[in-house]
Amino acid sequence: MAIDHPENYLKLFDADLSAVRFEEVVESKLEMVRALSQHATSVLLDPVWSLGQSVAAGAVPGDVGLVSGIEDLYYRPDSAVGFDTELRLKPGWDPAVLATLGVDAAKLVVFHREDQDEELVARQHAVVAEAAAQCRAQQMPLVVEPLWFPVGDEDTADPAVQAVRRSSVLSSARSFRQAGADIMKVEFPVVDLDDLDAAHEACAAMDSAIDGPWVLLSAGVTYEGFRTQLDVAADHGCSGFMAGRAIWGDAVGRMDAPARAAGAELAARRLDELAEVLEGRGAPAWTPVDPAEVASLIGPEWYRGAVGSSS
């Protein structure tokens, strides 16, 4: 469950962000974390409004993983995605700090188009490679989230633009995985769900592009739309989802306590339903070794070459 959203979360309270109090955002996020972490295997939290506060308040059960983003997003309401697309890392919030605080995985958002300037693309991949190296030093997995964005007068209703987006989503999944990502958090590769054959074809191409686990993000679509996307992706190796607004969007904002509680209950049911969609499908991120083979695979000297070993 993802609730690391910055200013786009605040906008659910008031279009005038200066009118949104820090305390009401923390209270809202804590309510969601407390209610939904009981239905999730991990929670994706931000360092400003939710991670420290959730840990301090005991809102996250001990058997639920903690994930946090190391990107530094600059809010730009005039841009196509609401943020500046330059890749920056958040100062003071690197994998070493996350590991010290007990965070289980790092996430990195990269606004990316395959047709960008070659030097910019190379820099993005170099940043991902360096972040992956820092995570490996902490024995921490890195989740990379490439996000395509339109430029100029591009309209995603245009089939030509949809083809450009599809190609970029698939190529970025492949290249950032090769750059060092342990898990890819990806957009659904097609926009139009009316053509399910094309959706299945694109998800099969996604699985072929990624040599490793991948999970689906919701990108602000409706819950029903996301459920359909996940159902299609699960047929083609998708290992799970890290989704937010499609799940809890009805529970966030300035509403009375009964409305918030009803929204949280609905979000919890949605999480359970999405877990049912994945049950017995997709590809596991890790497959246990057969007990009959484990002694031959993990011999008596295995620890001498283990990660972090001093010898």
Side-chain angles (χ1 to χ4, degrees), residues 1-10 12-13 21-71 73 90 92-109 135 138-145 182-183 185 213 215-218 223 226 230 239-253 257 260-276 278 284-286:
M1 189 275 292
I3 195 163
D4 64 331
H5 304 60
E7 284 83 0
N8 49 356
Y9 193 92
L10 275 61
L12 297 174
F13 291 83
R21 294 180 299 108
F22 173 79
E23 292 80 7
E24 68 181 324
V25 178
V26 171
E27 179 184 14
S28 172
K29 289 201 174 194
L30 276 180
E31 282 184 351
M32 290 297 96
V33 171
R34 207 176 269 116
L36 301 185
S37 59
Q38 311 292 330
H39 302 263
T41 55
S42 64
V43 288
L44 175 53
L45 305 176
D46 67 273
V48 177
W49 296 279
S50 63
L51 192 143
Q53 296 86 349
S54 295
V55 172
V60 182
D63 61 349
V64 173
L66 288 175
V67 186
S68 192
I70 57 175
E71 69 277 351
L73 297 179
K90 186 175 288 295
W93 196 244
D94 57 35
V97 172
L98 268 60
T100 299
L101 295 174
V103 177
D104 300 292
K107 182 264 301 180
L108 178 59
V109 166
C135 284
Q138 304 299 327
Q139 301 184 38
M140 172 184 289
L142 174 65
V143 181
V144 175
E145 179 181 350
D182 296 289
I183 300 169
K185 181 185 178 190
V215 298
L216 203 61
L217 61 91
S218 61
Y223 170 71
F226 183 63
L230 188 65
S239 296
F241 61 90
M242 291 187 185
R245 283 169 290 173
I247 296 169
W248 44 251
D250 296 302
V252 174
R260 293 200 311 270
E265 290 177 6
L266 175 60
R269 290 197 301 273
R270 287 172 171 172
L271 274 175
D272 292 341
E273 289 175 4
L274 294 173
E276 290 175 5
L278 286 170
W286 172 71

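None of the values given here were measured: they were computed from a predicted structure. Along the sequence shown, residues carry numbers from 1.
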If you take all heavy atoms of [X] and [Y], which pair is closest and at what distance?
| X | Y | value |
| --- | --- | --- |
| M140 | A105 | CG-CA, 3.7 Å |
| A264 | A251 | N-CB, 3.5 Å |
| L30 | A59 | CD2-CB, 4.1 Å |
| P284 | S239 | C-OG, 4.3 Å |
| L98 | A106 | CD2-CB, 4.0 Å |

Got [X] and [Y] here, is their nearest side-chain heavy-atom distance under 4.5 Å?
| X | Y | answer |
| --- | --- | --- |
| I247 | L274 | yes |
| W93 | L101 | yes |
| M1 | S37 | no |
| V26 | R21 | no |
| V103 | V67 | no |
| V64 | T41 | no |
| L266 | W248 | no |
| L10 | W49 | yes |

Counterpart residues, side chain to side chain donor-acceptor pair (under 3.5 Å), relative to E24 (two or more places apart): R254
Counterpart residues, side chain to side chain donor-acceptor pair (under 3.5 Å), relative to D272 (two or more places apart): H39
Step-by-step side-chain contact (heavy atoms from CB on, under 4.5 Å) determination, V60 to V55: CA-CA 7 Å; V60 182; V55 172; 5.7 Å; no
Return the [atom1] to [atom2] distance between [X] and [Y], rounded to the nearest 0.5 Å.
| X | Y | atom1 | atom2 | answer |
| --- | --- | --- | --- | --- |
| Q139 | D104 | CD | CG | 13.0 Å |
| F241 | L216 | CZ | CG | 9.5 Å |
| L271 | Y223 | CG | OH | 8.5 Å |
| I70 | C135 | CD1 | SG | 5.5 Å |

Sequence neighbours excluded and cut-off under 3.5 Å, please list the side-chain donor-acceptor pairs for residues 2-9, or say none.
{"unit_1": "D4", "atom_1": "OD2", "unit_2": "K107", "atom_2": "NZ", "d": "2.9"}
{"unit_1": "Y9", "atom_1": "OH", "unit_2": "S28", "atom_2": "OG", "d": "2.6"}

Any donor-acceptor pair under 3.5 Å from S50 side chain to K29 backbone: no
E71 side chain to V109 backbone, donor-acceptor under 3.5 Å: yes
S68/D46 under side-chain contact (heavy atoms from CB on, under 4.5 Å): CA gap, chis, key distance, verdict: CA-CA 6 Å; S68 192; D46 67 273; 5.6 Å; no
R270 with D250: basic N within carboxylate O range, under 4.0 Å: yes
Salt-bridge contact R260-E31 (side-chain N to carboxylate O under 4.0 Å): yes
Derivation of the side-chain contact (heavy atoms from CB on, under 4.5 Å) call for L142 and L108: CA-CA 7 Å; L142 174 65; L108 178 59; 4.2 Å; yes
Name of the residue among V43, V143, L217 meeting side-chain contact (heavy atoms from CB on, under 4.5 Å) with M242: V143
